[in-house]
K.L.:
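Would you mind keeping the following structure in view while I ask a few things?
Numbers here simply count residues along the sequence, with the first being 1.
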Amino acid sequence: MVKICCIGAGYVGGPTMAVIALKCPNIEVVVVDIFEPRIIAWNSDHLPIYEPGLDDVVKQCRGKNLFFSKDVEKHVAEADIVFVSVNTPTKTQGLGAGKAADLAYWESAARMIADVSKTDKIVVEKSTVPVKTAEAIEKILTHNSKGINFQILSNPEFLAEGTAIQDLFNPDRVLIGGRETPEGKKAIQALKDVYSHWVPVERIICTNLWSAELSKLAANAFLAQRISSVNAMSALCEATGADVFQVSHAIGKDTRIGPKFLNASVGFGGSCFQKDILNLVYICECNGLPEVASYWKQVVQVNEYQKTRFVNRMVSSMFNTVSGKKIAILGFAFKKDTGDTRETPAIGVCQGLLGDKAILSIYDPQVSQEQIQRDLSMHKSELDRPPHLQPASPTAIKQVTFVWDAYEAAKGAHGICILTEWDEFKTLDYQKIYDDMQKPAFVFDGRNVVDVDKLRQIGFIVYSIGKPLDAWLKDMPAVA
Ligand SMILES: NC(=O)C1=CN([C@@H]2O[C@H](COP(=O)(O)OP(=O)(O)OC[C@H]3O[C@@H](n4cnc5c(N)ncnc54)[C@H](O)[C@@H]3O)[C@@H](O)[C@H]2O)C=CC1
Ligand SMILES: O=C(O)[C@H]1O[C@H](OP(=O)(O)OP(=O)(O)OC[C@H]2O[C@@H](n3ccc(=O)[nH]c3=O)[C@H](O)[C@@H]2O)[C@H](O)[C@@H](O)[C@@H]1O
């Protein structure tokens, strides 16, 4: 029986390995992690991450050919294929701080693989890494290899959170990069054999190592670039009376452009877009390509601008101050159908409002109070670290309360601010909400989920990104 071990039981390692186990009953899959609470949760009825369909997949194979363990070394030693799916956050100190990927967790995993291995292994880069990482990993493995043959493959993951199971069941493509030697080709074939249990062969793309590594960074950069492009247009729409929804629809009908990823928003979030683009920027700079670097950097800068613009719009609409005013924050996760808050635009928006002394009442159906406290009180560099390296208890912020209901959040509020596109926000009883709010009552929709005309009829002053402005907002001072 082929044995797979995956180092890192996070958003990628957990779901990806669960699907491999489900689709390949003849393969034993063990997911290992140094953070014990996560392993305990994977072995319980309350999985550590919320992902539609995941519970079902895990229930079907856990204990049969899918295992979660903290015994990292034992399972790595026994495996034929070792996936490495550990954190690769942005470096916060030293050379390349603020841009380069921090490969410390990857390096320590590689050293451990070299130490404990007694048989030949295929080591698979599942984490998103800078192009040429495989070369460094190869050096670590071969310098300590005691004659063991390691083949390194790059197999970047393209799943999106909230649709991870669907994406894994039916991927647009699986990408495998490897050395172009006979041993490299054999290793590529071994991994291809795993995926071809359920992925049509024409969707399995095999390349050299560097193309696979760079394609992952490029894919995320292209996706984020589309969002920043449409968000840049949203600012122009507000200034001119055009409607960004109509503009997106019109341009998306061009088959060369396509309709996806053209939703204007308060900004993109998630653990990867920003870090991967900054990493790309750093690689360009290191390769003497400053113009290419500054092109991609602009994607992140427009994203920052969009969040600032949103906060400024809120404050200026509400008589240029939100000091002492209650604002209901609906949604904190970086997108719907996940409880993940990494790099969520909600952090920047809430911090902006708190900076102007607002009182926030936050509701999100999947994010815990503790997580929100951490996000609002801890420094970004602390949040990017693996869980076992984060401070245990965050400082509570007095101006923030947490509620488990959108109506409760909005009671007595001056304004509502929608930061995640949860479906339930589309169907709230906005008349009831309006009746319970201070007047004038404002809605700031950072995800374009509400029916603007209907809410204006109720009496709300509505700001919806990239939509023609309410007469009230037009009279307010210009925003950054
Ligand atoms: N979250 C996502 O949707 C996607 C993430 N990626 C990439 O996948 C990688 C992992 O991301 P996530 O799963 O989101 O991170 P995560 O933070 O959810 O999981 C990483 C896990 O690795 C563990 N870990 C770190 N060092 C370890 C070590 N030496 N030994 C054992 N366990 C260790 C941590 O405790 C943590 O549980 C990153 O490189 C990311 O860029 C790629 C595609 C999608
Ligand atoms: O490398 C990764 O981590 C992953 O990053 C993204 O996946 P994810 O961040 O989970 O979610 P997306 O659906 O891409 O959304 C990212 C952010 O962009 C925002 N977004 C998305 C689409 C859009 O049109 N507008 C928009 O503002 C979302 O609300 C969210 O905040 C990519 O879509 C995945 O292919 C990739 O594997």
Side-chain angles (χ1 to χ4, degrees), residues 4-24 29-35 38-39 41-42 47-55 57-58 61 66-69 72 75-76 79 81-90 101-103 105-106 109-110 123-130 133 137 153-177 191 194-195 199 212-213 215-217 219-220 223 269-276 279 333-335 337-343 384-388:
I4 288 180
C5 175
C6 175
I7 306 175
Y11 284 88
V12 170
T16 312
M17 293 303 124
V19 169
I20 290 182
L22 182 77
K23 299 291 185 182
C24 313
V29 182
V30 185
V31 191
V32 297
D33 204 294
I34 37 176
F35 187 52
R38 210 164 241 194
I39 292 298
W42 278 111
L47 301 185
I49 61 177
Y50 171 68
E51 194 59 64
L54 177 64
D55 276 34
V57 175
V58 170
C61 36
L66 173 67
F67 304 91
F68 296 92
S69 168
V72 180
H75 293 289
V76 167
I81 304 177
V82 180
F83 284 79
V84 184
S85 185
V86 299
N87 321 63
T88 50
T90 304
D102 184 348
L103 293 177
Y105 311 110
W106 231 109
V123 177
V124 184
E125 291 176 346
K126 199 48 156 167
S127 303
T128 303
V129 291
T133 297
I137 302 300
L153 298 179
S154 164
N155 172 221
E157 185 48 60
F158 296 101
L159 67 80
E161 288 177 31
T163 53
I165 298 302
Q166 209 173 301
D167 295 341
L168 289 164
F169 277 0
N170 190 21
D172 286 344
R173 79 310 208 177
V174 165
L175 180 56
I176 304 174
L191 190 55
V194 172
Y195 284 107
V199 180
E213 287 178 336
S215 299
K216 173 62 195 178
L217 295 180
N220 274 0
L223 289 168
S271 63
C272 294
F273 278 174
Q274 175 168 311
K275 94 165 159 66
D276 292 349
N279 181 1
F334 82 97
K335 62 186 280 197
D337 291 337
T338 177
D340 194 353
T341 61
R342 291 177 293 177
E343 297 289 346
D384 278 349
R385 294 194 221 155
H388 69 287

K.L.:
Test side-chain contact (heavy atoms from CB on, under 4.5 Å) on K216 and N220 and set out the steps.
P.N.:
CA-CA 6 Å; K216 173 62 195 178; N220 274 0; 3.7 Å; yes
K.L.:
When you measure from the side chain of N155 to the backbone N and O of V124, does any donor-acceptor pair fall under 3.5 Å?
P.N.:
no
K.L.:
Using modelled atom types and a 3.5 Å cut-off, is there a donor and acceptor pairing between side-chain atoms of N87 and backbone atoms of P89?
P.N.:
no
K.L.:
Just how far is it from atom CD of E157 to atom OG1 of T128, taken to the nearest 0.5 Å?
P.N.:
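E157 CD to T128 OG1: 9.0 Å, rounded to 0.5 Å.
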K.L.:
Output yes when a side-chain donor or acceptor of K126 lies under 3.5 Å from a complementary backbone atom of G13, and no otherwise.
P.N.:
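No.
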K.L.:
What's the spacing between I81 CD1 and C6 SG if we round to 0.5 Å?
P.N.:
12.0 Å
K.L.:
Can you name the closest pair of heavy atoms from G53 and I165 and give their distance?
P.N.:
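Reported closest heavy-atom pair: C-CG1, 3.9 Å.
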K.L.:
Of all heavy-atom pairs between P15 and G10, which one has the smallest distance, and what is that distance?
P.N.:
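Closest approach of P15 to G10: CD-O, 3.4 Å.
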K.L.:
What donor-acceptor contacts under 3.5 angstrom involve side-chain atoms of residues 167-177, with partners at least two apart or in another chain?
P.N.:
from : atom 1 : to   : atom 2 : distance (Å)
D167 : OD2    : A160 : N      : 2.9
D167 : OD2    : T163 : OG1    : 2.9
N170 : OD1    : R203 : NH1    : 2.9

K.L.:
Are the side chain of E51 and the backbone N or O of A164 linked by a donor-acceptor pair below 3.5 Å?
P.N.:
yes
K.L.:
Is the backbone N or O of G8 less than 3.5 Å from a side-chain atom of S85, with the two atoms forming a donor-acceptor pair by type?
P.N.:
no
K.L.:
Kindly determine whether L103 and T88 satisfy side-chain contact (heavy atoms from CB on, under 4.5 Å), including the steps that lead there.
P.N.:
CA-CA 6 Å; L103 293 177; T88 50; 4.1 Å; yes
K.L.:
Considering all heavy atoms of both residues, which atom of D33 and which atom of F35 are nearest to each other, and what is their separation?
P.N.:
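In terms of heavy atoms, the two residues are closest at OD1-N, 2.8 Å.
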K.L.:
Going by an N to O cut-off under 4.0 Å, is there a salt bridge joining R342 and E161?
P.N.:
yes
K.L.:
Start with the C-alpha gap between F68 and M17, add the side-chain angles, then the distance that decides, and say whether side-chain contact (heavy atoms from CB on, under 4.5 Å) holds.
P.N.:
CA-CA 10 Å; F68 296 92; M17 293 303 124; over 6 Å; no
K.L.:
Taking atom OH of Y195 and atom SG of C24, what is their separation to the nearest 0.5 Å?
P.N.:
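It is 9.5 Å, given to the nearest 0.5 Å.
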K.L.:
To the nearest 0.5 Å, what is the distance between CG on D55 and CG on L47?
P.N.:
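So the CG of D55 and the CG of L47 are separated by 4.5 Å.
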K.L.:
Counting only N and O atoms by type, is there a donor-acceptor contact under 3.5 Å from the side chain of S127 to the main-chain atoms of V86?
P.N.:
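Yes, because the side chain of S127 sits within donor-acceptor range (under 3.5 Å) of the backbone of V86.
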K.L.:
Can you name the closest pair of heavy atoms from P130 and T133 and give their distance?
P.N.:
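Residues P130 and T133, closest heavy atoms: O-OG1, 2.5 Å.
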K.L.:
Is the closest side-chain heavy-atom distance between L66 and L22 below 4.5 Å?
P.N.:
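No, side chains not in contact.
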K.L.:
I would like to know whether F83 and V12 meet side-chain contact (heavy atoms from CB on, under 4.5 Å); could you show each step before the answer?
P.N.:
CA-CA 11 Å; F83 284 79; V12 170; over 6 Å; no
K.L.:
Closest heavy-atom contact between I7 and A109?
P.N.:
CD1-CB, 4.3 Å
K.L.:
Hey, does the side chain of W42 reach the backbone of G14 with a donor-acceptor pair shorter than 3.5 angstrom?
P.N.:
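Such a contact is absent between W42 side chain and G14 backbone.
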K.L.:
Which heavy atom in L217 sits nearest to a heavy atom in N279, and how many Å separate them?
P.N.:
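So the minimum-distance heavy-atom pair works out to CD2-ND2, 4.0 Å.
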